[in-house]
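Below is one structure, written out as structure tokens; the observations come after it.
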Amino acid sequence: MHKNRVNILGTEFDNFTAKQFHKYLDDDLDLKANRFIVTPNPEIVLSARKDSNFSKIINNADYVIPDGIGIIKGAKSLGTPLHERITGFDTLEYLISAVNRKQLKLYMLGAKPEVIEASAKKIKKQYPQVNLVGYHDGYFKDDTPIIEEIAAKKPNVVLVALGSPKQEFFIDKYRKQANAIWIGVGGSFDVFSETKKRAPKVFQKLNLEWFYRLVTEPTRIGRMMAIPKYMNMINKEKKNMK
């Protein structure tokens, strides 16, 4: 694998461009390789510091991509800059379009029933070459029927939206059931299905997606507090390096 990694507070990020990453994903799909993608933001980095099992799962993943401008800023601040931010949402869109282009099989898991239904509807309409072999909302008590379905249908890509760290633990436990690219996509189905709006392009360009989300969803304030805490830890780490 492509182990050119940058350590940020214990989480090791791959350092490549989106273009290089997409090439790796295309090759993986052609080879039917079993891959696990994790997309940590500052909040996930802090969670991993508190939970060594979670940290191990992230660092053992095949791809760890910097989702969040805080990761890019942190890396630069520590003197180990990363090429660019690669978001989980953009990766989800790229994987769906690659599955469409190569006429492969997709399985989707997670989110609310109406969100996953809307996501499935959008795929059938906008990505007609995708073979959507199954989907299930995130409200289930028993993993077994879902995993049996995934094992039987043999998808090439499995998108898991159970929230972090639940989705990463789930993938780590079950990824051997199908030789697919597995990725935890958090709340991406909300945006993909257009149930929630993604930040306008101007906010994305200015790296202010977090601010847009805070204004549109004030209940996220607790989660947003992870960002100053994370930057504070980066600054401490920087001082220790001197």
Side-chain angles (χ1 to χ4, degrees), residues 34-41 43-44 46-48 50-51 53-54 57-58 61 67-68 87-93 95-96 99 104-127 130-199 209-210 213-214 216-224 226:
N34 188 305
R35 298 284 183 256
F36 177 12
I37 306 170
V38 188
T39 64
N41 57 16
E43 194 186 355
I44 290 172
L46 294 185
S47 298
K50 289 193 199 120
D51 181 342
N53 278 344
F54 186 35
I57 284 171
I58 292 176
D67 184 352
T87 72
F89 185 75
D90 291 337
T91 304
L92 166 131
E93 287 203 309
L95 282 169
I96 293 172
V99 168
L104 297 173
K105 296 190 281 189
L106 174 71
Y107 190 95
M108 302 192 298
L109 175 65
K112 291 176 180 161
E114 62 274 20
V115 171
I116 198 81
E117 284 289 345
S119 298
K121 208 173 269 180
K122 180 175 174 176
I123 282 179
K124 285 169 187 167
K125 195 175 163 191
Q126 292 186 19
Y127 300 89
V130 168
N131 181 0
L132 184 59
V133 293
Y135 60 92
H136 197 288
D137 62 60
Y139 298 83
F140 55 91
K141 292 274 189 288
D142 183 7
D143 300 351
T144 313
I146 288 163
I147 288 306
E148 283 175 353
E149 186 182 22
I150 291 171
K153 297 283 176 71
K154 299 186 172 58
N156 303 92
V157 170
V158 184
L159 307 173
V160 183
L162 300 175
S164 191
K166 191 179 175 184
Q167 61 196 17
E168 284 78 25
F169 279 102
F170 183 92
I171 295 171
D172 183 63
K173 189 174 178 183
Y174 296 120
R175 62 181 285 200
K176 294 287 179 268
Q177 300 298 319
N179 278 332
I181 294 178
W182 297 71
I183 177 173
V185 296
S188 291
F189 290 149
D190 290 330
V191 180
F192 179 75
S193 65
E194 291 158 46
T195 314
K196 272 184 196 163
K197 278 194 166 68
R198 191 178 184 185
E209 275 184 277
W210 63 271
R213 286 212 296 272
L214 185 58
T216 52
E217 296 174 68
T219 52
R220 292 178 69 96
I221 187 72
R223 291 177 66 181
M224 291 294 178

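Every heavy atom of this structure was used, including side-chain atoms; hydrogens, water molecules and symmetry mates were not.
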Practice task
List the steps and the verdict of side chain to side chain contact (heavy atoms under 4.5 Å, CB included) for L159 and W182.
Solution key: CA-CA 6 Å; L159 307 173; W182 297 71; over 6 Å; no

Problem - Qualifying salt bridge (charged side-chain N to carboxylate O under 4.0 Å, His left out) pairs, either residue in residues 169-178, two or more places apart - result: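 Passing the test, one end in residues 169-178: D62-R175.
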
Exercise for the section: Could you check V99 against Y127 for side chain to side chain contact (heavy atoms under 4.5 Å, CB included), going step by step and ending with a plain yes or no? Expected result: CA-CA 9 Å; V99 168; Y127 300 89; over 6 Å; no

Problem - Residue list, side chain to side chain contact (heavy atoms under 4.5 Å, CB included) with S164, at least two apart or on another chain - result: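 For S164, the residues satisfying side chain to side chain contact (heavy atoms under 4.5 Å, CB included) (neighbours in sequence not counted) are I44, F54, Q167, E168.
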
Problem - Counterpart residues, side chain to side chain contact (heavy atoms under 4.5 Å, CB included), relative to N156 (two or more places apart) - result: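 L29, K32, L104, K105.
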
Please tabulate, one pair per line, all N/O donor-acceptor pairs under 3.5 Å involving side-chain atoms of residues 107-117, not counting sequence neighbours.
| residue | atom | partner | partner atom | Å |
| --- | --- | --- | --- | --- |
| Y107 | OH | E149 | OE1 | 2.8 |
| E117 | OE1 | Y135 | OH | 3.1 |

Beyond-backbone contact of [X] with [Y], side-chain heavy atoms, under 4.5 angstrom:
X	Y	result
F192	I96	yes
V160	V185	no
L106	I123	yes
L162	F140	yes
I37	L95	yes

Practice task
Name all pairs fulfilling the side chain to side chain donor-acceptor pair (under 3.5 Å) condition that reach into residues 184-195, sequence neighbours left out, sorted by first residue then second.
Solution key: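 For residues 184-195: K122-E194, S193-T195.
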
Practice task
Measure the CG-CG distance between L46 and D51 for me, rounded to the nearest 0.5 Å.
Solution key: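 So the gap between those two atoms works out to 13.0 Å.
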
Handout entry: Residue list, side chain to side chain donor-acceptor pair (under 3.5 Å) with D143, at least two apart or on another chain
Key =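 For D143 the side chain to side chain donor-acceptor pair (under 3.5 Å) partners, ignoring immediate neighbours, are Y174.
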
